[in-house]
> 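Just passing along the structure, written as structure tokens.
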Protein chains: 2
Amino acid sequence: MPRDRSPTRIQKRNRATIIEAALDVFSQHGFRGATVDQIATAAGLSKPNLLYYFPSKEAIFTELLSELLDTWLAPLREIDPKGEPLDEILAYVTRKLQMSQDMPRESRLFANEIVQGAPRMIDALSTDLRALVDETETIFADWMDAGRIARVHPRHLLFSIWSLTQHYADFEVQVQALMTPEDPFAEAGAFLDTLYRRMLTPTVSPAILGDA
Amino acid sequence: MPRDRSPTRIQKRNRATIIEAALDVFSQHGFRGATVDQIATAAGLSKPNLLYYFPSKEAIFTELLSELLDTWLAPLREIDPKGEPLDEILAYVTRKLQMSQDMPRESRLFANEIVQGAPRMIDALSTDLRALVDETETIFADWMDAGRIARVHPRHLLFSIWSLTQHYADFEVQVQALMTPEDPFAEAGAFLDTLYRRMLTPTVSPAILGDA
DNA sequence: CTGACATTTGACCATCTGGTCAAACTCACG
DNA sequence: CGTGAGTTTGACCAGATGGTCAAATGTCAG
């Protein structure tokens with residue numbers, strides 16, 4: 001196996017190629033359904049060669065997961081507690097929908113894993129993600145307390161955004177099978193904008209409650 | 001293999017047991033991840049015995065899928081075009097959420113299959129389901145034309161209901177990991193009711209448009 | 001009770017799959 | 001060049017897996 005010391009040019013290239021190939025294969029077939037040979041072929045390497053860079057199939061998978069989790073959650077961290085609440089939320093929805101369009105493999109990778117009980121992710125879920133979600137919930141709740149958006153269960157609000165945006169990546173074949181030629185993502189953008197606007201626009205003017 | 005003629009008592013019992021066991025195993029591991037041995041054990045049969053009732057793993061799976069599709073779509077067929085629009089939709093949402101709570105295995109079985117490209121379902125999707133969805137879309141569109149619910153893209157409205165309700169079954173581990181002791185389904189019911197009420201309540205009184 | 005048919009099983013097989021290993025090859029660098 | 005480390009590969013292995021088969025066992029109508 002490669003030394004611990006600074007990776008060579010070839011190591012960098014091959015590890016990257018393998019991760020990319022693994023994303024392709026794992027997102028299509030899930031962990032169990034993917035074979036090392038498939039990944040190796042997709043990466044243009046022989047199986048033993050691939051296993052020279054990663055000790056096992058499991059290792060490739062966990063490496064991939066941990067590399068991706070940050071990227072996947074980045075849009076959530078960008079929500080600005082000091083911004084205009086509805087704008088912040090709508091912008092987050094847009095970013096998430098964009099990610100579903102641009103990175104459907106990543107979305108399906110997580111979906112596959114979670115549907116099957118997330119055996120290799122539980123830890124990350126209940127620590128890192130948990131903390132981030134708690135933070136976000138506080139932001140939402142504060143906005144609601146200030147009357148700047150309508151009151152709903154803040155955590156379920158977040159779940160709904162995940163669910164609705166990722167649906168277009170995770171269930172793409174279904175959406176496609178039911179949509180004929182139209183472009184699902186364009187329509188989805190408009191639909192989601194309307195949905196969250198109507199759900200979250202306060203019924204009483206927030207101006208009353210003091211920011212003038 | 002069993003004769004084509006009327007199934008015996010034992011055949012009926014064992015085929016049912018096998019299907020039930022298969023639902024358990026397939027919904028947890030997906031098609032590829034499930035093994036015939038697992039299903040046989042779960043059904044309390046030996047592997048060759050199981051294969052006496054079904055010619056192959058594939059056959060069990062497709063049988064299971066086709067048996068379940070009807071059940072799964074039943075709530076959709078119950079929408080009454082002559083009913084009060086908002087009530088009909090909210091009732092449909094409630095039925096779907098209830099199904100996610102009562103039949104999470106079924107939900108995950110479909111989720112697994114669709115995330116992986118639905119190789120064994122494409123046909124059903126683009127024929128049977130397609131027709132049903134087209135019908136429903138017309139109902140929604142008519143209601144919107146009559147001003148009885150607010151206007152949104154009707155097909156995406158349907159997608160949103162599927163997405164939001166099935167999320168609580170398909171991504172149960174994630175929801176659980178982020179919810180501590182609370183009961184997700186109870187809160188989800190309230191959340192979804194609010195969401196669809198606010199999104200769909202017409203801004204102009206429908207009475208104006210003539211039903212008095 | 002018995003024969004015909006239904007059901008069950010242990011033994012077996014071919015293939016797939018994750019992973020190993022020693023030998024061969026390539027490459028950077030003195 | 002030459003040499004040692006880094007890289008690649010063919011051959012191989014053990015266990016898992018889908019599926020087969022002939023023989024054994026159970027069931028039930030006549």
Side-chain angles (χ1 to χ4, degrees), chain A residues 1-65 112-113 116 119-120, chain B residues 1-65 112-113 116 119-120:
Chain A
M1 76 199 82
R3 291 263 149 236
D4 282 349
R5 301 289 167 174
S6 54
T8 65
R9 176 180 52 90
I10 295 177
Q11 274 171 40
K12 244 185 267 184
R13 171 172 49 84
N14 281 353
R15 285 185 65 98
T17 312
I18 291 168
I19 288 291
E20 165 65 24
L23 172 57
D24 235 65
V25 176
F26 280 133
S27 68
Q28 266 180 64
H29 305 286
F31 179 78
R32 188 59 155 56
T35 74
V36 176
D37 252 323
Q38 279 178 316
I39 301 172
T41 302
L45 300 175
S46 67
K47 186 169 59 161
N49 198 181
L50 181 147
L51 289 167
Y52 169 71
Y53 291 100
F54 289 89
S56 68
K57 179 181 170 182
E58 184 93 26
I60 306 173
F61 192 76
T62 53
E63 169 77 18
L64 184 56
L65 275 189
N112 251 313
E113 185 63 6
Q116 297 188 9
R120 287 160 270 264
Chain B
M1 78 200 79
R3 292 263 148 238
D4 282 349
R5 301 291 168 172
S6 55
T8 64
R9 177 181 53 91
I10 294 176
Q11 274 170 40
K12 245 183 267 182
R13 170 172 49 85
N14 280 353
R15 285 184 65 100
T17 311
I18 291 168
I19 288 292
E20 164 66 23
L23 171 57
D24 235 65
V25 177
F26 281 133
S27 68
Q28 267 181 65
H29 306 285
F31 179 77
R32 187 62 156 54
T35 75
V36 176
D37 253 325
Q38 279 177 315
I39 301 172
T41 301
L45 300 175
S46 67
K47 185 169 59 161
N49 198 182
L50 180 148
L51 289 166
Y52 168 72
Y53 292 100
F54 289 88
S56 68
K57 179 181 169 181
E58 182 94 28
I60 306 173
F61 191 75
T62 53
E63 169 77 17
L64 183 57
L65 275 188
N112 250 313
E113 185 64 7
Q116 298 189 9
R120 286 159 272 262

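In what follows, every chain begins at residue 1, and chains take the letters A, B, ... in the order their sequences are listed.
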> Find the distance A/Ile60:CD1 to C/dG18:P and express it as a whole number of Å.
9 Å
> At what distance, to the nearest 0.5 angstrom, does CD1 of A/Ile19 lie from CD1 of A/Ile39?
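So the CD1 of A/Ile19 and the CD1 of A/Ile39 are separated by 9.0 Å.
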> Answer whether the closest heavy-atom distance between the side chains of A/Glu113 and A/Phe61 falls below 4.5 Å.
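Yes, side chains in contact.
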> Check step by step if side chain to side chain contact (heavy atoms under 4.5 Å, CB included) holds for A/Phe54 and A/Val36.
CA-CA 11 Å; A/Phe54 289 89; A/Val36 176; over 6 Å; no
> Contact class for A/Arg32 vs. all strands (heavy atom < 4.0 Å): base, sugar-phosphate, or nothing?
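Sugar-phosphate contact only.
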> For B/Ala59, report the nucleic acid contact type (base, sugar-phosphate, nothing); a contact means any heavy atom under 4.0 Å.
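No contact.
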> Between C/dT7 and B/Tyr52, is there an OP1 or OP2 to side-chain N/O distance shorter than 4.0 Å?
yes
> In whole Å, what is the span from the CD atom of A/Gln38 to the P atom of C/dG18?
9 Å
> In this structure, how many angstroms lie between the C1' atom of D/dG18 and the CG atom of B/Asn49, rounded?
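The answer, rounded to whole Å, is 16 Å.
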> Whole angstrom is fine here: how far is it from CD1 in A/Ile39 over to P in C/dC16?
18 Å
> Report the residue (B/Lys57 or B/Arg9) whose heavy-atom-nearest nucleotide on DNA chain D is the more 5′ of the two.
B/Lys57
> Is there a side-chain contact between B/Ile60 and B/Phe26 (heavy atoms, below 4.5 Å)?
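They are in side-chain contact.
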> Is the distance from OP1 or OP2 of D/dT8 to the nearest side-chain N or O of A/Tyr53 less than 4.0 Å?
yes
> Could you tell me the separation between the CG atom of B/Leu51 and the P atom of C/dT9, rounded to a whole number of Å?
13 Å
> Could you tell me the separation between the CG atom of A/Asp37 and the P atom of C/dG19, rounded to a whole number of Å?
12 Å
> May I ask you to verify if any side-chain N or O of B/Gln11 is less than 4.0 angstrom from the OP1 or OP2 atom of C/dT7?
yes
> Using the rule given for side chain to side chain contact (heavy atoms under 4.5 Å, CB included), can you reason through B/Arg13 versus B/Ile10, listing the C-alpha separation, both sets of side-chain angles and the distance that settles it, and then say yes or no?
CA-CA 5 Å; B/Arg13 170 172 49 85; B/Ile10 294 176; 3.8 Å; yes
> For the helix from C/dC1-D/dG30 to C/dG30-D/dC1, what is the angle between the axes at its two ends, each from 5 pairs, rounded to 10°?
10°
> Start with the C-alpha gap between A/Gln28 and A/Gln38, add the side-chain angles, then the distance that decides, and say whether side chain to side chain contact (heavy atoms under 4.5 Å, CB included) holds.
CA-CA 11 Å; A/Gln28 266 180 64; A/Gln38 279 178 316; over 6 Å; no
> Any heavy-atom pair between the side chains of A/Thr35 and A/Lys47 that's under 4.5 Å?
no
> If you assign each of B/Leu45 and A/Phe31 to its closest nucleotide in DNA chain C, which residue comes earlier from the 5' end?
B/Leu45
> At their closest point, which heavy atom of A/Gly30 faces which heavy atom of A/Asn112, and how far apart are they?
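Looks like N-ND2, 3.8 Å.
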> If you assign each of B/Ile10 and B/Pro48 to its closest nucleotide in DNA chain C, which residue comes earlier from the 5' end?
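Upstream on the strand: B/Ile10.
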> So which nucleotide from C/dG19, C/dA6, D/dG6 ends up closest to the side chain of A/Thr8?
D/dG6
> Rounding to a whole Å, what distance do you find between B/Asn14:CG and C/dT7:C1'?
9 Å
> In this structure, how many angstroms lie between the P atom of D/dG19 and the CD atom of B/Glu58, rounded?
8 Å
> Report the residue (B/Ser56 or A/Leu50) whose heavy-atom-nearest nucleotide on DNA chain D is the more 5′ of the two.
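Going by which nucleotide is closer to the 5' end, it is A/Leu50.
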